[in-house]
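Take a look at the structure set out below.
Naming convention: chains lettered A, B, ... in sequence-line order (proteins, then strands); numbering from 1 in each chain.
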Amino acid sequence: MEYNFRDLEKKWQQQWKAAGIYKVSADPAKPKCYVLDMFPYPSGAGLHVGHPLGYIASDIYSRYKRLKGFNVLHPMGYDAFGLPAEQYAIDHGIHPAVSTEANIANFRKQLDNIGFCFDWDRQVQTSDPSYYKWTQWIFLQLFGSWYDRAQRKAVPVSSLLEAFAQAGNEGRVCPGDPNLRFSAAEWTGFDERRQQEILMHYRLAYCGFGEVNWCEALGTVLANDEVVNGVSERGGYPVVKKKLRQWYLRITEYADRLLEGLDRIEFSEAMKEMQTNWIGKSHGAEIEFMVVSSELPVGSEKDADTDKVTADKTIGKFFDRKLRVYTTRPDTIFGVDFMVVAPELEWIPAIVSPEQQNAVDEYIAYVKSRSERERQAEKKISGCFTGAYAVNPFDGRKIPIWISEYVLAGYGTGAIMAVPCGDDRDFRFARHFNIPITNILGDAYNGEQANPTKDARLVNSGFLDGLIMRDAMAVVNRKLEEMGIGTPKVNYRMRDAAFSRQRYWGEPFPIVWRDGIAYPLDEKDLPLELPHVEKYGPGPEGEGPLANVKEWTDKHLETNTMPGYAGSSWYFLRYMDPHNEAAFCSREASDYWGQVDLYIGGTEHAVGHLLYSRMWTKALFDLGYIGHDEPYKKLVNQGMIQGSSRFVYRIELKGAQGSQGVEELSRRTPVFISHGIRAMEGTVEFHELVTLAVRNLFGDNSIEIDSIAISQLHVDVNIVDGLELNTAAFKKWRTEYERAEFVLEDGKYICGTEVEKMSKSKFNTVNPDDLVAKYGADTFRMYEMFLGPVEQSKPWDTKGVEGVHRFLRKLWRLFYDEAKGKIWTTDKPTDAEWKVIYRTVKKLDEDTERFSFNTGVSALMIGVNELHDLKCHKKAILEKLLIIMAPYAPHVCEELWHQTGNTGSILTASYPLVEEKYLVESAMNYPIAINGKTRTELNIALDATQQEVEEMILADETVKKWLDGKAPKRVVYVKNRMINVVL
RNA sequence: GCCCGGAUGGCGGAAUUGGUAGACGCGUCAGACUCAAAAUCUGGUUAUCGCAAGGUAGUGCAGGUUCGAUUCCUGUUCCGGGCACCA
């Protein structure tokens, strides 16, 4: 009986399906375990070998936990709304719902091939109205709530209405407009419009205005992804910033709780750091400066009594507009040499001097064409003086106000005070524009480099002179507050999340507009279904495609749709109760399943999905809909499987005088040169070699080549073996290469190679289906795990898959022999055999528990090898092996489980317990190092004392040789580890 | 530019807490079986010097801490991911 993986895998997949063995339901008698994958976006390209990496890991863990007696929830679904399907629709006229369905069917087929234990009855699909009904419903909860800073939680907006009517907004700072104050009487006096406007400034989901990438030529808003080098990816048209009405989520209100929550969840330190940096909490001060139109004469600037500047109308005028800056270093205020303001702030024109007008206009136009990324990544320093000055409130010094692209309007107040002696970027800016630098650091500043220290003693700093900078902060802050021109402030780098898209393929907002006021739809009107359209082009004025739908606009429905992350912000809850028509998830279900115990997915979601879903969870918790406020207990980040691209090199020839036909020839007959030959490009040998080869190819010795151009082309990795191109397959790959000729090295065509993102356009994708067909699902699963740690990124290489396949056959041969047939027995195992199996059980248990699947596979290989060496074919031993291996290779283990006379699925077996008595050792081979370098080994009892060890060591020949008659300085003896002799 | 990772033989990787660097697998070399091939089995395989015993170097690079560093610290190079409308 042989290992016929194709038949047995198919057989078990069918039987498992028929038996509904992966169906799971809440069972209070068992401990629960919720294992979740980041659900895929069903792209048209299908699944490539990178996708299943995380799925296999989670599948193994789920099966493992199930064997350990847990009730395991392990669902799967599709994140089905998104831009690619819409773009495909625009290009091909196929409705996104249609292409998405087809893609999902394909994904499902591919996933099923691999033998996952998903409970498909719980599948969710974000684009399904029965699902997005609840996305809309949650949106309405966010719209209907505000964040009460006093209680530190979200509460219904209705609570505001009562409070406002009684006490105005006293004690309820308006997050959207912090300076807003009104009394109860004022509130009741406001009309509906004003009241709604104010409420909007409180809501967790609110409407505001924001800048988008606007492409006039395409008449549409573009994603950052679709903008390359400042122009549209499609067509290369100019892209500018445009202000549009947008929806936002007030995630900034949750900033502190998102930070604190990190202490209670198991994310990697790197992930926590990324989220922490993204939230970017900083302590500092907001300071207000007077703005003046021209320089004040030296010596007249300060009023000695108040330390304030008084206006002198003859030499310049003060503007009404004050300059507010946010700084984390108020202690450096005497070192401020210039101010920098974000170029897009709308009040800039009001302060620009006539002389600077043109320069400023030009600069603003330039910045408008630049993306935020470009602005921050730019190494070249740019900026423009406005002609206006701020006035230092303490010494009256006039400070030039500049605009520069590196300051962003969205952060802090959109303006900074620049202290060149203490900040590197400010320093370089000052140097570049020849702005004089004030030294407030004394010796700590060398004039060559900024010094960002907080520990220097301040000089040139008026009333702060002599103070250590870190101590000076509180002093300045107190003074600023006294003078009423500054307040200590906690700032966050994180901005509110833009929550609307001018697109078709997303969830419609359950919002209707009346007289410019947004009203929520009634819950009973959900879902608000996406209308069917024939055309997917944008609407007028940068609106989404829904603005073209008459029935939609007639009802004054919101024409924006929700972004891709809306559906993924709560899907983990829907899995718990996927068919509930009365609620997004019953409290009973969410209380039972609770947090996701293990979440597996890529780091690319570090600051997007993983923050949004945490916020939604917190909001739902605050409102009492669920009982936990962090969605994920533990997160494991799978590495990205990159593609290993292969290249061929086509040459284009220019003939010398008398060989004009060569160009034509090389156009008609594509000639490819091997990688090693290309590497010689530019040398005389190269030219000669190619000439010779071309003469041979075309049978014409008179050919003279003038110049050779080489173009590098991606070639399908699947027709390359290692680096060697299968030239016959290459000719069949594309009709234009049918007549291709090759210039080989050592008789082979060697391809160039590069590690890149796996993508269809780079022809470096490897389809799991092909591997499963060739080696079986079990081999594929184990091979993906064996590649390396799940967390690590690596380029895909199919090369080692044979080894894993061989291992599975070797396992099979423990049970069946090709010639003899059945060889497994019911004999009683020896101690040595027990030792092997228990050691394997123990190691695999530890490895699986810590997600070290690659070493887990290795442990299984070692176990099987050792059992082979022992010629162990005993059922009692092998059965245990099958159980622990079943999570990794479920099909073959299930088959052998039944072959050895077991009834019932191996899935329901229970995990073997280790009998430690077989593993106890009394001695070990200690490595003996001399000065840290291992020189020999000695077998020493584990309970040996320091003295016994020293005696043994000193008697050893090798040690004696190294000691050379001298006594050792020291003998380091670490029990169970090693012994080091220090000379 | 900013934030976060990573770098170990020809290749993927192992070394879980600072304690034998290279487990396991691929590839490759030699051998066994075979008419032959496949499959399978046995042995070698970091480099270098040496017949060997054994020595020397060695975990991207340069330093440091330590009896001992792939592991900790400082600096640096290259590669990957993210940077707010791809998902």
Under a 3.5 Å limit on both distances, the Watson-Crick or wobble mate of B:G22 is none
Which of B:A21, B:C24, B:A84 is nearest the side chain of A:Ile862? It is B:C24
note: A:Arg839, atom CZ; B:C24, atom P; distance rounded to Å ~ 12 Å
key: Touch class at under 4.0 angstrom, heavy-atom based, for A:Ala498 against every strand present   = sugar-phosphate
- Query: Contact class for A:Glu791 vs. all strands (heavy atom < 4.0 Å): base, sugar-phosphate, or nothing?
  - Reply: nothing
Pairing partner of B:A62, by Watson-Crick or G-U wobble and under 3.5 Å for both distances, is B:U74
Looking only at B:C24, B:A14, B:G19, the nucleotide nearest the A:Arg977 side chain is B:G19
Ranking B:G82, B:C86, B:A14 by distance to the side chain of A:Asn854, first place goes to B:A14
**Request:** State whether a side-chain donor-acceptor pair under 3.5 Å links A:Tyr926 with A:Asn976.
**Result:** no
From CZ of A:Arg850 across to C1' of B:A15 the rounded distance in Å is 10 Å
| Within a reach of under 6.0 Å around CD of A:Glu374, are more than 12 heavy atoms found that belong to other residues, nucleotides or ligands? | yes
Which value, in whole Å, describes the distance between the P atoms of nucleotides B:G50 and B:A14? 35 Å
Only one of A:Lys243, A:Arg370, A:Arg375, A:Lys241 passes salt bridge (charged side-chain N to carboxylate O under 4.0 Å, His left out) with A:Glu344, and that residue is A:Arg375
* To do: Decide, yes or no, whether a salt bridge links A:Asp817 with A:Arg813 under the criterion of side-chain N to carboxylate O below 4.0 Å.
  => no
note: A:Trp962, atom CH2; B:G68, atom P; distance rounded to Å ~ 16 Å
Side-chain atoms of A:Arg935 come closest, of B:C85, B:U56, B:C86, to B:U56
- request: In whole angstrom, give me the gap between the P atoms of B:C85 and B:C73.
  value: 35 Å
Quick tally for nucleotides 1-7 of chain B: nucleotides whose base has a protein heavy atom under 4.0 Å get B, sugar-phosphate-only ones S, the rest -, giving B-SSS--
Of the candidates B:G12, B:U56, B:U16, the side chain of A:Phe786 sits closest to B:G12
(message) Please give the distance between the P atoms of B:G82 and B:C86 as a whole number of Å.
(response) 11 Å
Between A:Asp424 and A:Arg428, is there a side-chain N and carboxylate O pair less than 4.0 Å apart? yes
Sorted by position of nearest nucleotide on RNA chain B, 5' first, the leading residue of A:Thr958 and A:Leu83 is A:Thr958
Any strand, both distances under 3.5 Å, Watson-Crick or G-U wobble: B:A39 pairs with none
Taken to the nearest whole Å, NZ/A:Lys975 to P/B:U20 is 19 Å
Any luck finding a side-chain donor-acceptor pair between A:Thr765 and A:His48 under 3.5 Å? no
- prompt: For A:Val857, which contact category applies under a 4.0 Å heavy-atom criterion: base, sugar-phosphate, or nothing?
  reply: nothing
Could you give the distance separating B:C61 and B:C79 at their C1' atoms, to the nearest angstrom? 15 Å
Assess whether one donor atom and one acceptor atom, taken from the side chain of A:Glu226 and the base of B:C85, lie less than 3.5 Å apart.
no
Here the gap from A:Leu954 atom CG to A:Leu963 atom CG, rounded to the nearest 0.5 Å, amounts to 6.5 Å
Sorted by chain and residue number, the side chain to side chain donor-acceptor pair (under 3.5 Å) partners of A:Arg234 (sequence neighbours excluded) come out as A:Gln87, A:Glu226
A:Glu233 near the nucleic acid: base, sugar-phosphate alone, or nothing, with a heavy-atom cut-off under 4.0 Å? nothing
Between CD1 of A:Ile930 and C1' of B:G19 the distance, given in whole Å, is 15 Å
A:Leu787 has its side chain closest, among B:A87, B:G54, B:G12, to B:G12
message = Using atom C1' in both nucleotides, what's the gap between B:A23 and B:U76 to the nearest angstrom?
response = 32 Å
Considering only the C1' atoms, how many Å lie between B:G58 and B:C4, rounded to the nearest integer?
-> 30 Å
P atom, B:A38 versus B:C49: distance in rounded Å? 34 Å
Determine the interatomic distance between P on B:G22 and the same-named atom on B:U16; round to the nearest Å. 13 Å
Paired to B:U28 by Watson-Crick or G-U wobble criteria (both distances under 3.5 Å) is B:G44
OH (A:Tyr973) and CD1 (A:Ile979) are apart, to the nearest 0.5 Å, by 6.5 Å
(Q) Regarding A:Ser858, tell me which of base, sugar-phosphate or nothing describes its non-hydrogen contacts under 4.0 Å with the strands shown. (A) base
Rounding to 0.5 Å, atoms OG1 (A:Thr220) and CZ (A:Arg503) come to a distance of 4.5 Å
Regarding the side chain of A:Pro789, the nearest nucleotide among B:C85, B:G82, B:A14 is B:A14
Of B:C24, B:G13, B:C85, the nucleotide closest to the side chain of A:Asn865 is B:C24
Considering only heavy side-chain atoms of A:Asn224, the closest of B:C67, B:A84, B:A14 is B:A84
Which of A:Tyr78, A:Phe81, A:Tyr571, A:Phe107 passes ring-ring contact (aromatic ring centres under 6.0 Å, His included) with A:Phe39? Answer is A:Tyr571
Taking B:C11, B:U20, B:C67 as options, the one with an atom nearest any side-chain atom of A:Asn980 is B:C67
Judged by whether its glycosidic angle lies within 90° of 0, B:G80 is anti
Across every strand shown, the nucleotide meeting Watson-Crick or G-U wobble geometry with B:G80 (both distances under 3.5 Å) is B:C4
B/S/- along nucleotides 38-53 of chain B (protein heavy atoms under 4.0 Å) is -SSS------------
To the nearest angstrom, the CE-P distance between A:Met782 and B:C26 comes to 13 Å
Which of A:Phe853, A:Trp796, A:Tyr775 passes ring-ring contact (aromatic ring centres under 6.0 Å, His included) with A:Tyr783? Answer is A:Trp796
Query - Cation-pi geometry met for A:Arg493 and A:Tyr411 (6.0 Å, 45°) - result: no
query: Just checking A:Val974: base, sugar-phosphate only, or nothing, at a heavy-atom cut-off of under 4.0 Å?
result: base
Task: Verdict with supporting geometry, A:Trp616 and A:Tyr612, ring-ring contact (aromatic ring centres under 6.0 Å, His included) - done: CA-CA 6 Å; A:Trp616 284 44; A:Tyr612 301 133; 8.8 Å; no
From CE of A:Met38 across to P of B:G82 the rounded distance in Å is 13 Å
From CZ of A:Phe851 across to C1' of B:A14 the rounded distance in Å is 20 Å
Regarding A:Lys272, tell me which of base, sugar-phosphate or nothing describes its non-hydrogen contacts under 4.0 Å with the strands shown.
nothing
pair_partner(B:U17), Watson-Crick or wobble, both distances < 3.5 Å, evaluates to none
